[in-house]
Structures are given as structure tokens and as C-alpha cells.
Amino acid sequence: MAGVEAGKEEEATAVRITGKSHVKPGKLIGRKECQLVTFDLPYLAFYYNQKLLFYKNDGCGEFEDKVEKLKEGLRVVLEEFYQLGGKLGKDDDEVLRVDYDDDMDGVEVVEAVAEGITVDELTGDDGTSSFKELIPFNGVLNLEGLHRPLLSIQLTKLKDGIAMGCAFNHAVLDGTSTWHFMSSWAQICNGTSSSVVVPPFLDRTKARNTRVKLDLSPVVSCNGDDATKQGPPAPQMREKLFRFSEAAVDKIKSRANSTPPPSDGSKPFSTFQSLAVHIWRHVSQARNLKPEDYTVFTVFADCRKRVDPPMPDSYFGNLIQAIFTATAAGLLLENPPSFGALVIQKAIESHDAKAIDERNKAWEAAPKIFQFKDAGVNCVAVGSSPRFKVYEVDFGWGKPVGVRSGSNNRFDGMVYLYQGKSGGRSIDVEITMEAQAMEKLEKDKEFLMEV
């Protein structure tokens, strides 16, 4: 009997694919080619960037009607964001680019049913790895955009709502561009606008125009060999969502600013710098690092306003760079939070147009395709941003009940920050860590701001 019950339970939570189609722009665009630039290329060996949004049923319209409405809106938004309907390609010099042509398939739209899953089950604090089947392109490298769609969307009918799993090719766009696209699409679907209000700025070469020829064979071979490598088993990872209320965020910020920084003209620490050092310190503690162990803090920073000349917010592509800084765990933990906050602040502030240009030149002289886990030893690496208005993505049936990252591009120390569901200055923090360290972090009352 137990076996039968377990079988029923599995069936109830199973995700069943019911259809697959492709959506193209609503008008003919012709042939377009757009060179990928130095800011895009390092991410070819990352995986597709996954997002999961889920919505409660609102009583207006069946699932099938909603899917049709989403596809109609997608046709309109792709008239401006047509690159997402294209593929990666190469020119005669093997320089990578985004190719678009009217006869290409366009964006992949998968329809699915999981009537045993409720929206509430998706709002828990554990990671999304148990809901992998709600998001397409698990474990798919960006490089595969040479023969796969650059955007795949899975719409799943839940018991009491709808899940929207999206996989974006990270070599083509960053978080700012992702949410620009998502909010533009939502505005068209909900009737706020009949066309894209702020068209994407598509000429990447205005930010950097160095043609880089890449040798992609190491990426292809290392991906293929992974499964056959006989190394020690990888440590078990866990994902967890920590919710920091507005009051907790304010307290973390005032704590970081309670010790005056040195009199070298340093500014008060921002919310980001304060929360970043809070996470860095407590993760390092949970890892039981020795005082002499080095720990690296990495943030994938938006450079649109840092480059010279500055680029518009609507710049479509990757205009991020990883900013690294490091210190000994002993110094980080024995000093007040202002010590680590200053280390982070200085690293971020020194990453100006000159530093960005030097980094680009060094990379162009010896191009290196990063693995997604190359963020440094004992690292805390921060992606996404609470500035993205993820809870404003309303397709006409209400705001999302939750917004999460998929299981791609997660490694020990990866952190995603999101606007808090409770609004205001609240922030949701997704962290992936080794299971043992995560257990310690979960019980750390000071980290959770329960003291």
C-alpha cells in the first residue's frame, strides 16, 4: 500500500508537459546581426539564467486564455526585443554575435500542468531545486545558444495558480535587461501600454567595440567531460531564502554605520554595503574559517553609469563586471562590521571607467571564459539586485506571489538579492551553501536579526 500511496503522491506533484510552440515578433524585422562584446563573452560557460515567478488564480480567465494573452503580448514585445528570438552565431572571423532572421523559430514557449502543486508550496523558504521541472533549460550552457532558443518560457498550470519559469541566455543579457524585458512584456499584457514604452538600446558596440576571437574548445570539452570525471563526490549543497524586513535592514545598516569609518573621506555605508558585510561575516562564521583563511567577496556590478561615456539604463546586453575583494577571515570577524563594509565600499568605488577599461584590455589580451563557480576561495558572490521591481511584473492577473532564481549557476556562496515581498526596504536573500554550513547559518540568531 505504501508504494501505491508514494506513487500517487509523486504523480500529484509531477509536472506534465502538454505542448510546445514558438513565438516570433508580430512584424517582419529582416536580417539583424549584433556583435557580442567584451562584457558579454565571459559568461558563455555560465548556464542559462533562470527565474521563476508564480501567481495565484484571480478568477479572470482560464489557464489557456492566459497563455494566449501572454503569447500575444510576447509577439508585441519581441518587435523591440527581437534579439531574444534569435540565436548565437559567428561571423567569418569567428567573432560571436546575436543573429536574428524572420525565418528563425523565435522564443520557445512550453505549456505544462502540475495540478498537484499549490502556489503556497512554492512560497516556502527552501530552494527551488525541488521545483526544477517548472523551469526550462536546467544545466544548459549559454554557449548552446548557437543551436537553442535564447529565451525559453515554461507556463505551468498549478492547482490554484500559474508558474512562469524563464531561462534567459546570460551571454546575451544581464539582470537589468532581463527585468526591462519582463516589465515591458507585462505592461503590454495588462493593457498599460500597447507597445514597448522604453525601447531597448541594442548597439552593444557603443559600450565596447573590440572584436575578440574566442577559442571555445575548452568550454565544450570541459562540459562534456564533467560527467565522466572520477573525483571526490561534490559536497551536498542547500539553497535557502532569508527574508529581511525593512526594520531588520535598517538595523543592519545602522550597525554597520555605528563605528565611524576612518577619516579618509569615506562615505556612510549604503544599504547594499551594510547587508553585504552582514552576509559575508555570518557565512564566513558558519563555514568555521580559520583566522588566517582568506575569503573573497564578489559582486556582479552594473556598469551602465560607470563606463565612459555612460550608457542608458535601457542598454540591452551584459554591462556588468565582477568586482572582487578579499581579506582574512580573522580580520573580517574580529573587527566591527564597518571593517568589512569599508573593504567592500573601496572595491566598488574604485571600479570606475578606468578600472573597467583596464580589466577589459587585460581580458581581451588573454580571453578567459569563466566557469560560473570561478568567484574565488571561500567566496560570497552577489548577483541580482533589490532595485529590480520584480513584484511589479503584473500580466493582468495581479502581482507575483513570489519571485525566485532557478537552480542554474548556483555554487557554494552564491547569493541572489531580491526586492522583499513585504515591500518597502525589505530584502529577500537567496543563499546557496554546503549543507553543514547552512545548518549553522539557519540557527544563527544574530544573522537572522532575531536578537
Side-chain angles (χ1 to χ4, degrees), residues 15 17-36 40-41 43-53 67-68 70-90 96-112 132-156 163-175 177-182 184-186 188-189 196 200 202 204 216 219-220 223 316-318 372 405-409:
V15 177
I17 304 291
T18 57
K20 190 182 281 190
S21 57
H22 289 85
V23 175
K24 299 181 179 194
K27 65 177 187 192
L28 293 176
I29 284 164
R31 172 82 184 167
K32 300 277 186 185
E33 296 167 357
C34 183
Q35 180 189 318
L36 292 184
D40 301 302
L41 297 170
Y43 302 104
L44 285 162
F46 278 44
Y47 296 102
Y48 271 68
N49 202 8
Q50 297 174 312
K51 300 295 169 200
L52 178 65
L53 297 85
V67 170
E68 274 319 302
L70 287 167
K71 286 182 180 177
E72 279 167 33
L74 192 52
R75 284 184 197 102
V76 178
V77 76
L78 287 174
E79 291 176 12
E80 297 286 353
F81 289 88
Y82 59 81
Q83 288 187 10
L84 290 173
K87 291 266 197 309
L88 293 184
K90 295 176 188 171
L96 278 156
R97 65 188 184 198
V98 180
D99 286 340
Y100 177 82
D101 217 321
D102 293 328
D103 61 5
M104 287 183 174
D105 289 340
V107 170
E108 178 180 272
V109 179
V110 178
E111 289 165 55
K132 263 186 170 172
E133 290 176 41
L134 296 174
I135 316 176
F137 286 15
N138 288 295
V140 174
L141 285 176
N142 293 313
L143 186 60
E144 293 189 45
L146 287 162
H147 51 84
R148 284 186 190 247
L150 300 179
L151 169 59
S152 177
I153 296 158
Q154 181 175 322
L155 305 167
T156 306
M164 176 185 279
C166 304
F168 291 89
N169 190 300
H170 205 337
V172 174
L173 78 172
D174 60 14
S177 294
T178 295
W179 293 108
H180 177 198
F181 166 79
M182 291 296 284
S184 302
W185 181 21
I188 289 162
C189 290
V196 175
L202 294 171
R204 298 160 194 258
L216 298 172
V219 180
V220 179
N223 189 43
F316 185 82
N318 284 287
F372 71 98
S405 304
S407 49
N408 281 354
N409 299 320

| message | Nearest 0.5 Å, please: how far is SG in C34 from OH in Y100? | response | 14.5 Å
| note | Residue pairs meeting side chain to side chain donor-acceptor pair (under 3.5 Å), one or both in residues 70-83, sequence neighbours left out, come to S21-K71, K71-E111, Q83-R204
| What are the two closest heavy atoms between C166 and P136, and how far apart are they? | N-CD, 4.3 Å
| remark: Contacts of H170 meeting side-chain hydrogen bond (donor to acceptor under 3.5 Å, both in side chains) (sequence neighbours excluded), chain-then-number -> N318
| query | Is any side-chain heavy atom of V110 closer than 4.5 Å to a side-chain heavy atom of I17? | reply | yes
| field | Side chain proximity check, V107 to L78, heavy atoms < 4.5 angstrom | value | yes
| said: Would you call the rings of F181 and W185 parallel, tilted or perpendicular, taking 30° and 60° as the class edges? | reply: tilted
| Set of residues satisfying ring-ring contact (aromatic ring centres under 6.0 Å, His included) with respect to F316, sequence neighbours excluded | F81
| field | Inter-residue atom distance I135.CD1 - S407.OG, 0.5 Å rounding | value | 6.5 Å
| query | Are any side-chain N or O atoms of D102 and backbone N or O atoms of L28, one a donor and one an acceptor, separated by less than 3.5 Å? | reply | no
| task | Check side-chain hydrogen bond (donor to acceptor under 3.5 Å, both in side chains) between N142 and all other residues, then give those that pass, not counting sequence neighbours. | result | none
| Would a distance-only check, ignoring hydrogens and angles, find a side-chain to backbone donor-acceptor pair under 3.5 Å from Q154 to A167? | no
| Within the side chain of D105, is there an N or O that forms a donor-acceptor pair under 3.5 Å with the backbone of H22? | no
| query | Considering residues at least two apart in sequence or located in another chain, which fulfil the salt bridge (charged side-chain N to carboxylate O under 4.0 Å, His left out) criterion with K90? | reply | E94
| Side chains of L173 and F168: does their closest heavy-atom pair fall under 4.5 Å? | yes
| query | Side-chain contact, heavy-atom cut-off 4.5 Å: V196 with I188? | reply | yes
| request: Applying side chain to side chain contact (heavy atoms under 4.5 Å, CB included), run through E108 and L151 and close with a yes or a no. | output: CA-CA 7 Å; E108 178 180 272; L151 169 59; over 6 Å; no
| task | Give, for atom OH of Y47 and atom CG of N409, the distance between the pair rounded to the nearest 0.5 Å. | result | 8.0 Å
| query | Out of curiosity, L88 CG to L146 CG, how far, rounded to the nearest 0.5 Å? | reply | 5.0 Å
| said: Using 0.5 Å steps for rounding, measure from the CG atom of L44 to the CG atom of L36. | reply: 7.0 Å
| note | The side-chain hydrogen bond (donor to acceptor under 3.5 Å, both in side chains) partners of S184 (sequence neighbours excluded) come to none
| query | Distance-only, no hydrogens or angles: does the D174 side chain make a donor-acceptor pair with backbone N or O of S177 under 3.5 Å? | reply | yes
| Thinking salt bridges, do K87 and D99 make one under a 4.0 Å N-O criterion? | no
| Taking atom OH of Y48 and atom CG of N138, what is their separation to the nearest 0.5 Å? | 13.0 Å
| query | Under a 4.5 Å cut-off applied to non-hydrogen side-chain atoms, are L53 and M182 in contact? | reply | yes
| query | Do I153 and L70 come within less than 4.5 Å of each other through their side chains, counting heavy atoms only? | reply | no
